[in-house]
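Written out below as structure tokens is the structure these notes cover.
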Amino acid sequence: TSELKKVPIPRKGVDYRGKIVLAPMVRSGELPSRLLALHYGADLVWGPETVDRSMIGTTRRYNPDTKTIEWTRKPSQGSSAPPGPDVKDSIIYRVHPEKEAGKLIFQIGTSNPDLAVQAARLVAADVAGIDVNAGCPKPFSTHDGMGAALLKTPDKLCAILEALVANIVPEFEIGISVKIRILETAELTEALVRRLVATGIAGLTVHCRTTPMRPRERAIRGQLRMIANVCHEAGVACVMNGDVGSRDEALQLIQEYGVDGAMIATQAEKNPSCFRAEAEGGPLPWADVVRQYIQYTLELENKFGNTKFMLTQLIPGKSPVYRDISPCKSYTRICEMLGYDDLMERAREVDLILDIDPGNSGKQ
Ligand code: FNR
């Protein structure tokens, strides 16, 4: 009985045990942010929730300029406007097959087993796992029965997981996981988790907040040990999430609660070098992180709006630089402002590629 039961890890899948991972984050989990987290030592990265219907109908292609695989669709799809000849396809999802190899988990937003399988099929050969979002409390997710709404429809959630286990695992040899929140009582959570771990999933992440709890409220750890035990009885890896601030804190919490891994969101959004162990020097100053981030965004020709948004996360609001960033409307201006002389040439190139006026700073 000393031997630990384990749901078999598929050949191309990952074992979530012992891993400190980047949480799925819409906007804040785009490709440059994920590479940054990996650069600083994240063991695995979750992509931003992608809704099944937005993936279905996309075309997969390799982009040699950025060395990425992109799933794109015509912007006119679903609208009545005729497509212009030079209107660019929009990128719904993209991965870096070298840098994210064996490290990326695709998170799906779904409330339908068939659509979930259809969407998962499109990416399954290019990722290391498929995760189902059963924790997002935002109305855009729950109104369609997705995200945290699935916690109230366990039959549906189990049907989705079973469909993915049956249709994705044997063919693509990757694992399925689910991300949930705790319920109001330990009894309710236990009943749910018992059902989930019986579906054939390999991992379960629990965000230690209830659905009505706001992000600022402290995570509740009281149910964690029980959840880990229920997962372990079934051989499923249990990853904890909620108010984990750094790799060292994560390792401590893993010990304390008997969970297998830990997932970091908010702290990684603010400073992804939180994945660096104290023994390796620990988290770095924001200026170092921002420089590395800009290098990735230039390499990956990242959408400028996303880059600007991330800079407002990475640069502390009290720094004078924060204020200086807001009028910058091009990569050239940003590099100028931050004093990245060696990146200026590439910044101009990327501005051209993305159709951004390099001199456009909002001021002259
Ligand atoms: C999130 N979260 C989230 N969760 C999820 O399952 N799919 C998603 O796409 C997102 N998107 C998202 C965006 C942003 C900007 C934030 C801050 C959060 C929730 C996240 O993964 C995590 O569960 C919570 O933030 C709790 O972890 P922290 O923040 O306490 O480390």
Side-chain angles (χ1 to χ4, degrees), residues 16 19-34 36-37 42 44-52 54-55 92-93 104-111 116 119 127 129-142 144 146-151 157 160-161 176-182 196 201 203-221 224 227 238-250 252-254 257 259 261-272 274-275 283 305-306 308-314:
Y16 310 91
K19 305 284 160 62
I20 317 294
V21 307
L22 177 70
M25 286 186 278
V26 168
R27 287 227 279 183
S28 302
E30 291 298 327
L31 183 54
S33 304
R34 302 201 300 271
L36 197 59
L44 298 172
V45 291
W46 263 239
E49 180 202 60
T50 307
V51 172
D52 51 17
S54 73
M55 265 325 274
I92 304 300
Y93 199 77
L104 173 64
I105 310 297
F106 176 84
Q107 192 192 55
I108 189 167
T110 187
S111 60
V127 299
I130 304 281
D131 186 63
V132 172
N133 182 353
C136 181
K138 300 266 167 65
F140 67 77
S141 200
T142 54
D144 242 356
M146 304 185 295
L150 289 169
L151 299 173
L157 177 54
I160 291 167
L161 296 173
I176 307 300
S177 60
V178 66
K179 180 164 174 278
I180 64 167
R181 286 176 173 243
I182 54 169
L196 298 179
I201 55 171
L204 178 143
T205 304
V206 57
H207 176 184
C208 300
R209 290 186 177 89
T210 61
T211 303
M213 280 175 79
R214 295 300 101 211
R216 279 174 204 283
E217 293 181 69
R218 292 300 294 177
I220 298 169
R221 310 262 192 243
L224 205 44
I227 297 167
C238 180
V239 176
M240 68 171 292
N241 167 241
D243 284 342
V244 182
S246 68
R247 170 173 292 273
D248 284 58
E249 190 188 345
Q252 225 175 341
L253 288 164
I254 288 170
Y257 293 99
V259 293
M263 172 182 275
I264 310 180
T266 308
Q267 196 50 44
E269 183 186 34
K270 287 194 199 130
N271 187 346
C274 68
F275 289 105
N306 180 249
K308 269 278 288 264
F309 169 75
M310 283 312 298
L311 288 175
T312 68
Q313 303 297 310
L314 298 171

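Everything quoted here is computed from the prediction, not taken from an experiment. Note that the numbering runs from 1 along the sequence shown for the chain. Counting starts at 1 for both ligands and their atoms, in listed order.
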Under 4.5 Å between any side-chain heavy atoms of [X] and [Y], yes or no?
X: Lys179; Y: Val132; answer: no
X: Ile180; Y: Leu151; answer: yes
X: Val21; Y: Phe275; answer: no
X: Met263; Y: Pro24; answer: yes
X: Val206; Y: Val239; answer: no

Considering only the protein, which heavy-atom contact is closest to [atom], and what is its distance?
atom: atom 12 (C) of ligand 1; result: Met25 CA, 3.4 Å
atom: atom 4 (N) of ligand 1; result: Lys179 NZ, 3.1 Å
atom: atom 24 (C) of ligand 1; result: His207 CE1, 3.6 Å
atom: atom 23 (O) of ligand 1; result: Asn241 OD1, 2.6 Å

Run the numbers for me: atoms of ligand 1, each under 4.0 Å from some heavy atom of [X], listed by number.
X: Glu269; answer: 15 (C), 17 (C)
X: Gly242; answer: 27 (O), 30 (O)
X: Thr266; answer: 28 (P), 29 (O), 31 (O)
X: Ala23; answer: 21 (O)
X: Arg209; answer: 26 (C), 30 (O)
X: Asn133; answer: 5 (C), 6 (O), 7 (N)

inquiry  = One residue to check: Val26. Relative to ligand 1, which of side chain, backbone, both or neither has a non-hydrogen atom less than 4.0 Å away?
reply    =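 It is both backbone and side chain that touch ligand 1.
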task = Have a look at ligand 1 and work out which part of Glu49, if any, has a heavy atom under 4.0 Å from it: side chain, backbone, both or neither.
result =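 For Glu49, the contact with ligand 1 is made by both the backbone and the side chain.
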Does any N or O of ligand 1 fall below 3.5 Å from an N or O anywhere on [X], backbone included?
X: Ala265; value: yes
X: Asp243; value: yes
X: Met263; value: no
X: Pro24; value: yes

inquiry  = As a test of understanding, state which of Ile160, Val51, Asn133 forms a side chain to side chain contact (heavy atoms under 4.5 Å, CB included) with Met146.
reply    =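 Per the side chain to side chain contact (heavy atoms under 4.5 Å, CB included) rule, the option paired with Met146 is Val51, out of Ile160, Val51, Asn133.
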request  = For Glu30, check side-chain contact (heavy atoms from CB on, under 4.5 Å) against everything at least two apart and list the hits.
outcome  =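 Partners of Glu30 by the side-chain contact (heavy atoms from CB on, under 4.5 Å) criterion, ordered by chain and then number, come out as Pro32, Pro48, Asn306.
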key: Polar side chain donor-acceptor pair, Ser177 to Asp131, under 3.5 angstrom   =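 Result is yes, a qualifying pair exists.
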inquiry  = Under the rule for ring pair (Phe, Tyr, Trp, His ring centres under 6.0 Å), what residues qualify as partners of Phe106, not counting sequence neighbours?
reply    =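 Testing Phe106 for ring pair (Phe, Tyr, Trp, His ring centres under 6.0 Å), a comparison that skips the adjacent residues, returns Tyr93.
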inquiry  = Would Arg27 count as a contact residue for ligand 1, given that I'm defining contact as a non-hydrogen atom of the residue lying under 4.0 Å from a ligand atom?
reply    =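 Checking ligand 1 against Arg27, which is what was asked, there is no heavy-atom contact under 4.0 Å.
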ask   = Within less than 4.0 angstrom of ligand 1, does Gln107 place any heavy atom?
value =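 The answer is yes: ligand 1 sits under 4.0 Å from a heavy atom of Gln107.
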key: Minimum heavy-atom distance Asp243-Ala219, with the two atoms named   =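 Closest approach of Asp243 to Ala219, heavy atoms only: OD2-N, 2.8 Å.
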key: Least distance between heavy atoms, Leu22 atom then Ser33 atom   =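 Closest approach of Leu22 to Ser33, heavy atoms only: CD2-O, 4.4 Å.
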